**Student:** 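Just passing along the structure, written as structure tokens.
Positions are given from 1 along the sequence. From a predicted model like this one, the values you see are computed outputs, not experimental measurements.
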Amino acid sequence: MPDDSASKTGHGAHAFATRMSHAARPGIRTLGFVNPPVHRGSTVTAPSCQARIDNAKHRFDRVMTYGTQGGPTHYALEDVVAEIEGGTHCTITGTGLAAVAVPLLAFLKAGDRCLMPDSAYGPARSIAEGLMKGWGIETVFYDPCIDAGALEALWTANTKVLYLESPGSHTFEVQDVPALTAVAKKHGAVSMIDNTWGIHHFQPFAHGCDVSIQALTKYVGGHSDILLGSVTVNSRDHHLIIRAAASAMGHYASPDDCWLALRGVRTMPVRLAHQEESALIVAEWLAGRPEVLEVRHPALPGAPGHELWKRDFTGACSLFGIVLQPRYSEADAFRFVDGLKLFGIGASWGGYESLALPTNASLSRSVSAPLPGQAVRLHIGLEDVADIIADLEQALDLLPR
């Protein structure tokens, strides 16, 4: 089980790239392959009937009892993700959406209330308005830019979970996480955050969160060929609640996908840094285009949420949005995206390839203001940044003057 030290690799205060190169490996002075093997299995045998009974009591503490409880490949990935997030315990799930569902359903029951930002990932909102509502759990959506006083005004005795997502998946509002989690802590509620955008660059537990959610499908996988999620916590009590819920619901991740994620994490620091730099260059260029009303990239000076980003983050990922001038219609946004030659049209991100997606049709808002124009979400990949800009330029030129 990961310990509580600043670095779980045994390499002290080494930099992120160094830690990701060495985490969850057997060590450089051992005889064997550089990468750990893939451990696949369902049935786990025990030396005796009593041993099997005793083992079951410790199934959440990495004593193998059955394949659904995980094995060495899962444990290795859990250690790496816990280190990235700055937590103590991690549970791997089969998808990022499962990583959203597990903690929500673990910490909420009939009659409870959840506060969720209006900017939350669409499927997370669907869980709240579907399964959770059907099970008697109330969800109240709040403006993601709310301050502590306004959040306090929404609080009720049955509010048990504060859900955060910063920045928002499509509209990129940056939340004042320390201020909001302080309100939840005051009332004894659990704060959980979808930290996929902020991987490595935002340390959730240092900012008051109790649970951090990652879609490992994105930058950890890095190659758009796996589906995985993780739920990381900073206390054993929360770990046991999460692990028990994941087990009860039958959540499981393929060890082959876990192994691919372990491979992806070795190059993630290099990819993150390169894609962050390229995305900022592209965002700055787009900010000067007459077709663009607004660039929603938190790391861009003057963009919404920039001051909070500068205070709480150490860097940025390569996903951001643009809002086109109000004169452009949805058909114009489609014309722009369809005209791109290097960008795929897809809903995921964090891989090596650039993606573009019109987002207005997928936005569901109940308390925050609508966007002032057609929005397009862009993920900047590993292509040469000059080629990316040239592609964006020729596609923007297709829009009516």
**Student:** Could you verify whether a donor N or O on one side chain and an acceptor N or O on the other, from S318 and Y219, lie under 3.5 Å apart?
**Tutor:**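 Yes.
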
**Student:** Any side-chain donor paired with an acceptor under 3.5 Å for E353 and S224?
**Tutor:**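 Their side chains do contain a donor-acceptor pair, which is all the 3.5 Å distance test asks for.
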
**Student:** Could you check whether the rings of H187 and W155 sit parallel, tilted or perpendicular, using 30° and 60° as the cut-offs?
**Tutor:** parallel

**Student:** Which residue pairs satisfy the ring-ring contact (aromatic ring centres under 6.0 Å, His included) criterion with at least one member in residues 258-286, sequence neighbours excluded?
**Tutor:**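 Counting only pairs at least two positions apart or across chains, no ring-ring contact (aromatic ring centres under 6.0 Å, His included) contact touches residues 258-286.
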
**Student:** Does Y252 form a ring-ring contact (aromatic ring centres under 6.0 Å, His included) with H74? I'd like the steps, not just the answer.
**Tutor:** CA-CA 10 Å; Y252 178 72; H74 299 88; 5.3 Å; yes

**Student:** Is the NZ or CZ atom of R125 both under 6.0 Å from the centre of the six-membered ring of F141 and within 45° of that ring's axis?
**Tutor:**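 Geometry flag: set, cation within 6.0 Å and 45°.
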
**Student:** Salt bridge or not for R311 and D176, using N-O below 4.0 Å?
**Tutor:**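 Yes, charged N to carboxylate O under 4.0 Å.
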
**Student:** With no hydrogens and no angle check, is any side-chain donor or acceptor of Q275 less than 3.5 Å from a backbone partner on G351?
**Tutor:** yes

**Student:** Going by distance alone, is a donor N or O of one side chain under 3.5 Å from an acceptor N or O of the other, for S21 and T18?
**Tutor:** no

**Student:** Under a 4.0 Å N-O cut-off, is there an ion pair linking D338 with R335?
**Tutor:**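 Between R335 and D338 there is no salt bridge, as every charged N stays at least 4.0 Å from the carboxylate O atoms.
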
**Student:** Is the closest basic N to carboxylate O distance between E78 and R243 below 4.0 Å?
**Tutor:** yes

**Student:** Hey, do the aromatic rings of F16 and H200 have their centres closer than 6.0 Å?
**Tutor:**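 Yes: the rings meet the under 6.0 Å criterion.
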
